[in-house]
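Below is one structure, written out as structure tokens, with a few remarks after it.
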Number of protein chains: 2
Amino acid sequence: MKRATPPSCPMEALLRLITGPWTIYILWVLSEQGPQRFGELKRAVPGISTRMLTERLRMLQRAGVVWRKQAQTIPPAVTYGLTDRGKELRSVLDSLGEVAQRWQAEGTFELAPVSGRQLNGP
Amino acid sequence: MKRATPPSCPMEALLRLITGPWTIYILWVLSEQGPQRFGELKRAVPGISTRMLTERLRMLQRAGVVWRKQAQTIPPAVTYGLTDRGKELRSVLDSLGEVAQRWQAEGTFELAPVSGRQLNGP
DNA sequence: ATTATCAGTTACTTTTTTGTGCCTACTTTC
DNA sequence: GAAAGTAGGCACAAAAAAGTAACTGATAAT
């Protein structure tokens, strides 16, 4: 049956963006290591499949968070990087990571997902 | 086959927590409206199923973000609320919402999920 | 001459997640 | 005396997400 679609929230889009497996990992690599080519990125995010990487990048691109530059050479060379918007996002991730680390340091943060999906992040 | 499990990230647990449908919505209601009983909460989060609400609350509870007080009356009365840790999380959500609203105001933030799961938030 | 590289795309399969409906057991209300 | 509310639990089915493998097309290297 259809999935319930409750009223939308100002954060919904943003969360839909950074949510989902690999996404933050990708953003992280991109902001730490700078613009990368597809293959580099794939190697930098160990375990990700081509399909997933493509999909996530397309999503981030559509959201205007990541740019894509394609050189019409053979073989093709495609480079991805963070847009200005993407860098704004980075600051959010930083503050998120801050709390995460604080909690981790306190050590009391146990997390046994019941039905939580895998997140796959760095 | 098994899902790929790449190296873990300091933010993984935190993201796994606030990720997933309804979760932020629930946290939001709890922090805006204060402690609530199960039924109230369910009505405050329109469209959520009993199963989902229970599951999310259990998860948040295990993470120490939400407390649960059960009155052994008949019928039973169970109340949920944010712990101190949960309130810390709130500040993160606030800053997240800040960026979200800014982007929304700019209007350039389009988001057509390719294979993004539903997030279901307020 | 076969193979590898690049950046994907497509189709197919499996795994995970979510919704639905039915049940509890007692009390208060219509 | 039947119905509704309370806080869920359980089993089953549907839907969505992610993995896998095979394919693209031209070139460069072995």
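As the structure is a computational prediction, the values presented were derived from the model and not from experiment. Naming: A, B, ... by sequence-line order, numbering from 1 per chain.
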Is any side-chain heavy atom of [Y] closer than 4.5 Å to one of [X]?
{"X": "B:Leu57", "Y": "B:Leu41", "value": "yes"}
{"X": "A:Leu17", "Y": "A:Leu89", "value": "yes"}
{"X": "B:Ile26", "Y": "B:Leu53", "value": "yes"}

Between [atom2] on [N] and [atom1] on [X], what's the gap in Å once rounded to a whole number?
{"X": "A:Arg56", "N": "C:dG8", "atom1": "CZ", "atom2": "P", "value": "16 Å"}
{"X": "B:Ile48", "N": "C:dT20", "atom1": "CD1", "atom2": "C1'", "value": "15 Å"}
{"X": "A:Met52", "N": "D:dA21", "atom1": "CE", "atom2": "C1'", "value": "16 Å"}
{"X": "A:Leu53", "N": "D:dG19", "atom1": "CG", "atom2": "C1'", "value": "14 Å"}
{"X": "A:Glu55", "N": "D:dA18", "atom1": "CD", "atom2": "C1'", "value": "8 Å"}

Query raised in the report: Has the side chain of A:Thr79 got a donor or acceptor atom that lies under 3.5 Å from a matching backbone atom of A:Arg37?
Result: no

Report task. Please check if the side chain of A:Trp67 supplies one atom and the backbone of A:Leu82 the other of a donor-acceptor pair under 3.5 Å. Result -> yes

List, with names and distances, any nitrogen or oxygen atoms from the protein found under 3.5 Å away from nitrogen or oxygen atoms belonging to nucleotides 6-11 of chain D.
residue : atom : partner : partner atom : Å
D:dT6   : O3'  : B:Arg37 : NH2          : 3.0
D:dT6   : O3'  : B:Pro76 : O            : 3.0
D:dA7   : OP1  : B:Arg37 : NE           : 3.0
D:dA7   : OP1  : B:Arg37 : NH2          : 2.7
D:dA7   : OP1  : B:Val78 : N            : 3.1
D:dA7   : OP2  : B:Gly39 : N            : 3.3
D:dG8   : OP1  : B:Arg58 : NH2          : 3.1
D:dG8   : OP1  : B:Arg68 : NH1          : 2.4
D:dG8   : OP2  : B:Arg68 : NH1          : 3.3
D:dG8   : OP2  : B:Tyr80 : OH           : 2.6
D:dG8   : O3'  : B:Arg58 : NH2          : 3.4
D:dG9   : OP1  : B:Arg58 : NH2          : 3.4

Query raised in the report: What residues, two or more places apart in sequence or in another chain, satisfy side chain to side chain donor-acceptor pair (under 3.5 Å) together with A:Gln72?
Result: none

